[in-house]
Structure formats: structure tokens, C-alpha cells
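In what follows, a single structure is set out as C-alpha cells and then discussed.
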Amino acid sequence: MGIKLEEFWLNQDINVFFADGNQQSSFKYSDGDKTEERIYNIIKNARDLSIFSDELIEQIYDWPTEYHFSPLRHNLLRHFEFKSTDRILELGCGCGAITRQLGETGAAITAIEGSKQRAKCASSRTRDLPNVNVYCSDFQKISFDNQFNYVTLIGVLEYSTIFFSEEDPLKACLEIIKSALKPDGKLIIAIENRLGLKYFMGYSEDHGGAPFSGIQDLYTNETAKTLGKEELLVLLKQSNFENINFQYPFPDYKIPEVLFFESAFKSEKFSPSDIICQMTSRDYSRKTIPLFSENLVWPIIDSNKLISQLSNSFLVVASLNKQKEIDEQKVLGIKYTVDRKIEYNTRTEFIENDENNIIVKKKNIIISLVNNKEIKQELVTDDYYHGVNLDVQINKAIKSNNFAKFIDNINLWINYIKTNAVKEYNSDNIYYSRVLPNYIDCIPRNLIITQEGLKYIDREWVLTKEFTLFTLIMRYINMIDPDFIDLHIKGLNQNSYDKLLNYLGIPFNHVLLKEVVAVQEIIEQTFSKYRKQDRIFNHNSKQKRIIAKILNKLPSSVKDMIVRVKRVFDNMYL
């Protein structure tokens, strides 16, 4: 018989509940003492602890800080409608990133963490939330009394093989969950798929394993063990869970950008791979070069109805209640954009209606009355267009070294914006023509090739500042692989993009380069300090210091222009 939660006592110095006076954790899971002490000090010194805290976002410079402070982590559970009357048990709460999110719903949160240092972090991250209690204990030692509406296992179930001594450790873990859930309660599991595509690409197991260890079933009692979809489904059924609902976070459950539901793979009019191809899987050890391009493979997997089997991660919701819930709306997927300033962050839902037509419904995550005079966000409900993403086709041409196809697709885009985007023609040169304000984001990433021609999607932004067709083209051209351009276009004393512009018959204009920079700086005003490019750049602190030294030796005017142009090239996408 384990100890009950009410029998724990509170250490008021760190606001963590303990089961005994020893307070020494024998729990061995850790990111490293120095790393976790650093995480704790960052949290302790932060004033804003919220899930969109700029203070914490500013501290992201490596994988541990990204994992604990990234707002992308919370995309995993944003679609759950937790109520203030709910009681939620979070098992293995770590340093409190998800604990914070759950706590902000107003529900009563009981967070269990075996590591004292990590429990301190979780408690500090939620210190302003009286509805959150953090307990330091191995949850195997606790007696639960079927009192929770939800129990979460976010990246926890796979460690059962290490921390449970039973013959079937995964099933033993689920038995504890059953003892904690109310009869109509729900279990939420987030776990890697041992058959995830990134593991076939040669990426290391996320738990520190060697490449292909899960695929080849090289797990031992000393390693975490992930499962494929069918294995996980059988495990849950054997443990008497009902209404097992699989969901699919991409690129994975750790830093998800989009979440698909089973309905996404059953609709004949929906192409999940077009959205998946805009993301990149990651090897968190940063040791592996992928064996192939996943962006070329996902469409083939999609056409063979295998995305649900090869998804890198699963999010599973299961209950012990046999009564099925009825969905009022058929939501196929939800995509989040959370790397902007908080008032511009969005949730995009793909919904199939009663006529089997798909609509795209976009809304702000947080309602705000902020009004930027130069750039405006206009969120509308629009039709979904079934087809192929133009940016995917351009990248496919680059990967296959097909220059003719590359040029055909680039010209397809340029001809489209020439025809549709121009507000005021320039008779001397069409590329100096003024563009309609709501076409600022009309780049290949937001164009779908359909049977009726190109369709402009995701029309979210209106730029009130005047800008030219040249500026719009430069927003995309500068993101193309320069090595590919240099391989196919020869030219002396020209950079790659000058050569491509010349090849396309677009005269480079140094005066308009200032307009490119000015427009991009306006766009940057919508972003928070958390950018993907900055995150990757900051991983290499030595490189950052070297570049900083070089910049500091330059005249201030030259340094300023280099920094401004670098930002343009790094942050082209809205």
C-alpha cells in the first residue's frame, strides 16, 4: 500500500511536497546537474513565468533551454478544453513546462516528479499558481484513489522499462494510471513512434540511443522503449482502455507545430503531407546527417495512406469508459504559429463540413486590440484547396537537380504575381510595379497548384507600406540554395542571387534593396525573440562569439547594414 497524497508534507522553502524527512531523491533521470541548476536559476529569476514569457524565450540558446522554455511545447495540448473544475494528475512533470500550461487553465493540478531538482524547477515555474501542487516522489510509491479527470504521461511511458521492476513494466505503469482515473477520466499519452520516419532517416533515438535501435528492437532493460502504433494500441486494449484516440503531432510531440487527427487521413480532399513538408524533423543529438530528404518522401507516404504509421510521435487519448463521445465538428488538423509577438500568434483549423468540403478557420490564440499601422493581421475563414504546394515542388526540383523544372516552377509563381498581385504598373519595368497590400506573403509556400491553376492561401497579412514586385520576389529568392544556383548558372563577380535574377530577366536594383530591408524590418515587428533561425544559430556559441568580434571591428554604419541584411535573409517567411 503506497503513501497517500494527503500524507505528504510541504517543504515551504521550495514549495514542494515530500513523503519523508530525507528529501533525497534516488531518481536517476536528469539532464545533468549543471544544466538543471541553470534551468532552475533562470526560472527563479524570471518575473514572467507564463507560457509566452519573453523573459524565458530570451534564454533559449541550446536544446535543454528550448525544451523547457519554448512556447511550441504547449501546442501539444492547446486543443484540450480543460475546465477549472477538472483535477489533472501530471506524472513525470520534469521542470514544469507542461505543468505551467495546465495550471494556467485554472484546473487543480497535481504534478509528480521523482527528481528533487526538477521538482524545484516545476514548483518555481508555477509559484504564482495556487491551483498547482508539486510532489517529489517516484509515483509507484503513491496510492491514488480514482480522483482525477485526466492523467498525463508526456514522454514518460517509454521509461517504464527502466524504472519498473515488473515483468511487464509498461502494463504495470498503466495499472497505476487506472488507479488514479475517475471512471469517466481520460489518459493522455505523448510518446515517440519507434517506426517514425526520422528513425528510418538514420536519426538517433531521442532517448540517447544509437540510430536504428528501435527499428531493430535493440532495446534493453537499461534503455527506454518506444512503441509502434499497433503495439501501443494492443497495450492499451490489454489494460482495458476504451475509446483509444490517436492524434499525430508534427514534426514530433516535443516541439509540435501541427496536430492531425485520424480524420485527416480519411478525407479524399485533404493533403496532410503538404503541411508536413513545411516542417523538418530533428535529431536532438545533432549528430546525424539524414539518409534522404523527408520532404520528398512524405507525399509518397501520404498517397499510400501510411502517415499514421510513420508519424514521428503519437498523442493518444484513452478512457476506461465504453461510451463513445460524439464530435460536433470534423476537425482534420490544427496548425499553430507561435513564434510571433503574442498578439499575432494563431491557431488554424482544417474542418470538414457536412458537404465534405474543407474550410480553413484561422483565429488568434489570444485576443488583442493591438493595431500596427504598417502591417495588419486579417484572419478569415477560407476554402481549402486540394493540390500540391508550389514550394514543395520547387524544393523537389532542387533535390533532384532538375534545373529546368526549378525554373518552370519559379516562373509559374512570378507569372502569377505579375498577373494578380500588381496594384500599379510601372511602364518602364514591371518588376518595379507596386503590389497590392494583401499580397505581401504571396510566395510559393502559400501557393497551391490545383487543376484550376495556382491558388493563394493563408492570406493573413496586409502591408500598408508601398512595396514593389521586386521586393516580393526577393523575399523568396534569397531562401534558395545558392550552391544549386551556382551549379547551373555561370557568372563572374556575381553572387548567386544576382545570377538567378539575371537569368530570370529581373534587373537587380540596389536602391530597392533598401526597400527590401525596410519591409522585412516591418514584418519582424510581428515576431517575438524566438525564431527558428536564431535558435539554430545560437546553438553554436563559439561561432556567435567569433562573428560578434568581427562585427565589432567594423564601422558602425557597415555593421548595422550587415546585421539588417542578415535579418532579412534569416527571417523571410511570415
Side-chain angles (χ1 to χ4, degrees), residues 251 257 274-282 290 293-296 337 339-340 388-403 405-414 416-417 421 431 435 439-449 454 456-458 460-461 463 467-489 494-504 506 508-509 512-513 515-524 526-527 530-537 562-574:
E257 297 178 45
D274 279 348
I275 301 171
I276 297 171
C277 284
Q278 297 180 27
M279 293 166 279
T280 303
S281 300
R282 291 169 60 184
S293 169
E294 62 183 315
N295 292 337
L296 299 184
T337 303
D339 61 352
R340 304 165 177 167
V388 180
N389 184 273
L390 181 59
D391 185 55
V392 171
Q393 291 300 99
I394 291 172
N395 286 320
K396 184 176 181 179
I398 293 172
K399 292 288 185 182
S400 60
N401 200 28
N402 189 333
F403 184 70
K405 190 67 174 177
F406 166 79
I407 291 296
D408 286 345
N409 282 305
I410 289 291
N411 279 326
L412 186 63
W413 164 54
I414 291 175
Y416 177 85
I417 56 179
Y431 297 104
V435 175
Y439 274 76
I440 182 59
D441 214 21
C442 187
I443 53 179
R445 180 178 180 177
N446 291 328
L447 287 166
I448 300 295
I449 305 171
L454 286 183
Y456 179 22
I457 63 169
D458 205 15
E460 183 179 348
W461 300 98
L463 186 69
F467 65 101
T468 61
L469 206 57
F470 176 84
T471 293
L472 178 57
I473 291 170
M474 285 294 289
R475 289 201 65 219
Y476 185 75
I477 290 293
N478 284 294
M479 291 179 286
I480 297 170
D481 181 4
D483 292 336
F484 176 78
I485 298 172
D486 292 338
L487 179 65
H488 294 279
I489 306 176
Q494 285 183 304
N495 69 43
S496 305
Y497 306 113
D498 283 346
K499 289 190 290 186
L500 179 57
L501 289 171
N502 287 339
Y503 188 92
L504 294 168
I506 303 172
F508 186 83
N509 189 309
L512 286 181
L513 182 60
E515 178 187 274
V516 176
V517 174
V519 166
Q520 189 58 30
E521 287 183 337
I522 293 171
I523 292 171
E524 284 181 6
T526 67
F527 296 127
Y530 181 72
R531 295 292 294 161
K532 294 178 186 177
Q533 293 87 351
D534 294 335
R535 182 174 72 229
I536 296 169
F537 178 73
I562 290 174
V563 170
R564 292 173 71 192
V565 173
K566 179 185 183 300
R567 286 205 307 269
V568 171
F569 293 169
D570 280 350
N571 299 312
M572 282 294 189
Y573 282 140
L574 275 168

Q. Val388 versus Leu390: any side-chain heavy-atom pair under 4.5 Å?
A. no
Q | ring pair (Phe, Tyr, Trp, His ring centres under 6.0 Å) between Phe508 and Tyr497, worked out | A | CA-CA 9 Å; Phe508 186 83; Tyr497 306 113; over 10 Å; no
(Q) So which atom in Lys399 and which in Leu296 form the shortest heavy-atom distance, rounded to 0.1 Å? (A) CB-CD1, 3.5 Å
Q: With sequence neighbours left out, write down each residue that passes side-chain contact (heavy atoms from CB on, under 4.5 Å) with Asn502, or none if nothing qualifies.
A: Gln494
Q. Can you check whether Ile473 reaches Ile417 side chain to side chain, under 4.5 Å on heavy atoms?
A. yes
Q: Flag the pair Leu504 / Asn411 as yes when at least one side-chain heavy-atom distance between them is below 4.5 Å, and no otherwise.
A: yes
**Q.** Minimal non-hydrogen separation, Asn389 against Asp391, with atom names
**A.** OD1-N, 2.9 Å
Q) How long is the gap from CG on Leu513 to CE on Met474, to the nearest 0.5 Å? A) 6.0 Å
Q) Who passes ring-ring contact (aromatic ring centres under 6.0 Å, His included) against Phe467, sequence neighbours left out? A) none
Q. Within a strict 4.5 Å, meaning less than it, do heavy atoms of the Leu412 and Asp408 side chains meet?
A. no
Q. Which distance, rounded to the nearest 0.5 Å, do you find between the CD1 of Ile477 and the CD1 of Ile410?
A. 5.0 Å
Q. Any side-chain heavy-atom pair from Ile414 and Tyr431 closer than 4.5 angstrom?
A. yes
Q | Inter-residue atom distance Asn395.CG - Cys277.SG, 0.5 Å rounding | A | 9.0 Å
Q | Heavy-atom closest pair, residues Asp486 and Lys499 | A | OD1-NZ, 2.8 Å
Q | Partners meeting ring-ring contact (aromatic ring centres under 6.0 Å, His included) with Tyr416 (sequence neighbours left out) | A | none
Q: Check whether any side-chain heavy atom of Phe406 sits under 4.5 Å from a side-chain heavy atom of Ile480, and report yes or no.
A: yes
Q | Contact summary for Phe470 and Leu501, nearest pair of heavy atoms | A | CE1-CD1, 4.3 Å
**Q.** Polar side-chain atom of Glu515 near backbone of Thr468 as donor-acceptor pair, under 3.5 Å
**A.** yes
(Q) Between Asn446 (side chain only) and Cys442 (backbone N and O only), is there a donor and an acceptor less than 3.5 Å apart? (A) no
**Q.** Approximate separation, where rounding is to 0.5 Å, of Asp441 CG and Glu460 CD
**A.** 8.0 Å
**Q.** Leu454 and Ile448, any side-chain heavy atoms less than 4.5 Å apart
**A.** no
Q: Can you measure from CG (Leu500) to CD1 (Ile485) and round to the nearest 0.5 angstrom?
A: 4.5 Å
Q. Between the side chain of Gln393 and the main-chain N/O of Asn409, is any donor-acceptor distance below 3.5 Å?
A. no
Q: Specify whether Phe403 and Tyr503 have parallel, tilted or perpendicular ring planes, treating 30° as the upper limit for parallel and 60° as the lower limit for perpendicular.
A: perpendicular
(Q) With side chain to side chain contact (heavy atoms under 4.5 Å, CB included) as the criterion, how do His488 and Asn401 come out once you've worked through the C-alpha distance, each side chain's angles and the decisive distance to 0.1 Å? (A) CA-CA 9 Å; His488 294 279; Asn401 200 28; 2.7 Å; yes
Q | Non-hydrogen side-chain atoms of Gln520 and Thr471 separated by less than 4.5 Å | A | no
Q) Can you list the steps and then say if Ile276 with Val392 is a side chain to side chain contact (heavy atoms under 4.5 Å, CB included)? A) CA-CA 10 Å; Ile276 297 171; Val392 171; over 6 Å; no
Q.
Could you report the tightest heavy-atom contact between Pro251 and Ser281, atom names first, then the distance?
A. CB-CA, 4.1 Å
Q: Enter the distance from Asp481:CG to Ile394:CD1 here, rounded to the nearest 0.5 Å.
A: 13.5 Å
